[in-house]
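Just below is one structure, and these are the notes that go with it.
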Amino acid sequence: MSNLDSIAFHQGEYKPLKDCTINIMTHALQYGTMVFGGIRGYYNKEKNNVFIFRPYDHFMRLHNSAKIMQMKPPYSIEEMVEILKELVRRNQYKSNIYFRPFIYKSALRLSPSLHDVQDSFSVYTLLLDDYLDTSRGLKVAVSSWRRIDDNIIPTRAKVSGGYANSALAKSEALQNGFDEAIFLDSRGFVSEGSAENIFIVRNDVLITPPNSAALLEGITRRSILEIAKNENIPIEIRDIARSELYVADEVFFTGTGAQVAWIAEVDRRVIGKGTIGPITKLLKDKFNQIVYGNDPKYFDWLEPVY
Ligand code: PMP
């Protein structure tokens with residue numbers, strides 16, 4: 001998937017991805033002490049421009065993840081946004097792209113302690129359209145793996161070490177013939193997918209678990225809640241029980257990779273009529289219009305590159 005000749009940002013320089021290497025003793029490699037983001041840029045052909053979706057919010061979350069992990073971000077939020085734009089320009093991208101920015105503990109040391117350890121910032125890019133197939137309904141399963149608890153590895157920090165949990169759940173789901181996993185939290189309530197937040201619709205009310213349900217505070221989740229509010233869709237942020245998924249009228253995932261991905265089956269129970277539901281469709285279409293820069297009401301979510 002990666003293009004090794006693309007230009008990435010590493011150790012303060014723009015250089016080919018193939019030259020962006022680290023030492024095998026690196027703290028982040030040994031202990032999973034890297035915090036990361038996933039950001040999309042959407043290419044609008046008519047406007048001949050790439051729009052980066054909510055980069056300031058993404059980098060605010062990255063800075064918060066860094067704070068939790070006792071890291072000192074080497075660049076301000078504004079400087080990081082500028083690095084993304086420069087990467088698009090240097091790679092001359094005129095396509096949909098995905099940015100993977102991260103701050104990692106770059107010191108070569110044996111102890112896993114976090115404080116007084118040097119941090120570095122890097123970004124690579126990929127050409128990316130769909131991450132999950134959004135043209136059809138997904139078949140998903142509740143994972144046998146529980147979501148890590150905030151007091152084990154904080155899920156609001158997007159920290160690489162925590163993704164061992166996502167990796168176990170994702171592979172279990174795929175190897176059992178499903179498209180994606182749904183995690184329950186340590187209390188047994190619905191938390192999120194392996195790399196997506198989750199919403200259900202019951203009786204025309206949009207429902208999503210609260211930030212306290214061991215989930216990542218998704219930028220897409222927040223965007224969907226804001227859009228729903230503006231569309232006068234009633235919203236409830238509350239715990240969701242596993243069996244509520246089965247009887248929901250609609251279920252969908254949100255995420256930078258997944259965007260808005262509707263779910264046709266959970267644990268082999270067909271959701272609603274087994275087709276995309278009206279509220280999911282409305283939100284998905286609206287979201288799509290917004291990210292490509294076709295809805296002036298939401299222009300402030302977009303950072304144009306060219
Ligand atoms: N939860 C997890 C565990 C994730 O990895 C992601 C992807 N970043 C999300 C939710 C969705 O977050 P966002 O909408 O900010 O991409």
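Order of listing sets the numbers, starting from 1, for every ligand and every atom in it. Everything numeric in this text was worked out from a predicted model, so none of it was measured.
Taking a cut-off of under 4.0 Å to the non-hydrogen atoms of Gly218, the atoms of ligand 1 that pass are 12 (O), 13 (P), 14 (O), 15 (O). Using a 4.0 Å cut-off to heavy atoms of Gly255, the atoms of ligand 1 that qualify are 11 (C), 14 (O), 16 (O). Close approach of ligand 1 to Tyr163 is summarised as follows: ligand atoms under 4.0 Å from at least one heavy atom of the residue are 2 (C), 3 (C), 4 (C), 5 (O).
In this structure, of Glu196, Lys158, Arg147, Arg40, the residue bringing a heavy atom nearest to atom 8 (N) of ligand 1 is Lys158.
Among the atoms of Glu217, none of the N or O lies under 3.5 angstrom from an N or O of ligand 1. Any N or O atom pair closer than 3.5 Å counts here, and Thr220 shares at least one such pair with ligand 1. For ligand 1, one of its N or O atoms has an N or O atom of Ile219 under 3.5 Å away. Of the N or O atoms in Arg221, none lie within a sub-3.5 Å distance of an N or O in ligand 1. For a threshold of 3.5 Å applied to N or O pairs, the pair formed by Glu192 and ligand 1 contains at least one separation below that value.
In this structure, the side chains of Asp295 and Lys286 come closer than 4.5 Å at one or more pairs of heavy atoms. Residues Val247 and Arg269 have side chains not in contact (no heavy-atom distance under 4.5 Å, counting atoms from C-beta outward).
Ring pair Phe252/Phe199 is parallel by interplanar angle, where below 30° counts as parallel and above 60° as perpendicular.
A cation-pi contact, defined as under 6.0 Å to the ring centre and within 45° of the axis, is absent between Lys158 and Phe102. Remark: Arg90 qualifies as a cation-pi partner of Tyr14 under the 6.0 Å distance and 45° angle criteria applied to the six-membered ring.
Closest protein heavy atom to atom 7 (C) of ligand 1: Ala195 O, 3.4 Å. Thr256 OG1, 2.6 Å is the protein heavy atom nearest to atom 16 (O) of ligand 1.
Ligand 1 has Ser194 within reach: a non-hydrogen atom of the residue lies less than 4.0 Å from it.
Each of Tyr292, Tyr98, Phe299, Phe287 was checked for a ring pair (Phe, Tyr, Trp, His ring centres under 6.0 Å) with Phe53, and the lone residue meeting it is Phe287.
A ring-centre distance under 6.0 Å is not found for Tyr104 and Tyr31.
Salt-bridge annotation for Arg61 and Glu217: absent, with no side-chain N of the basic residue lying under 4.0 Å from a carboxylate O of the acidic one.
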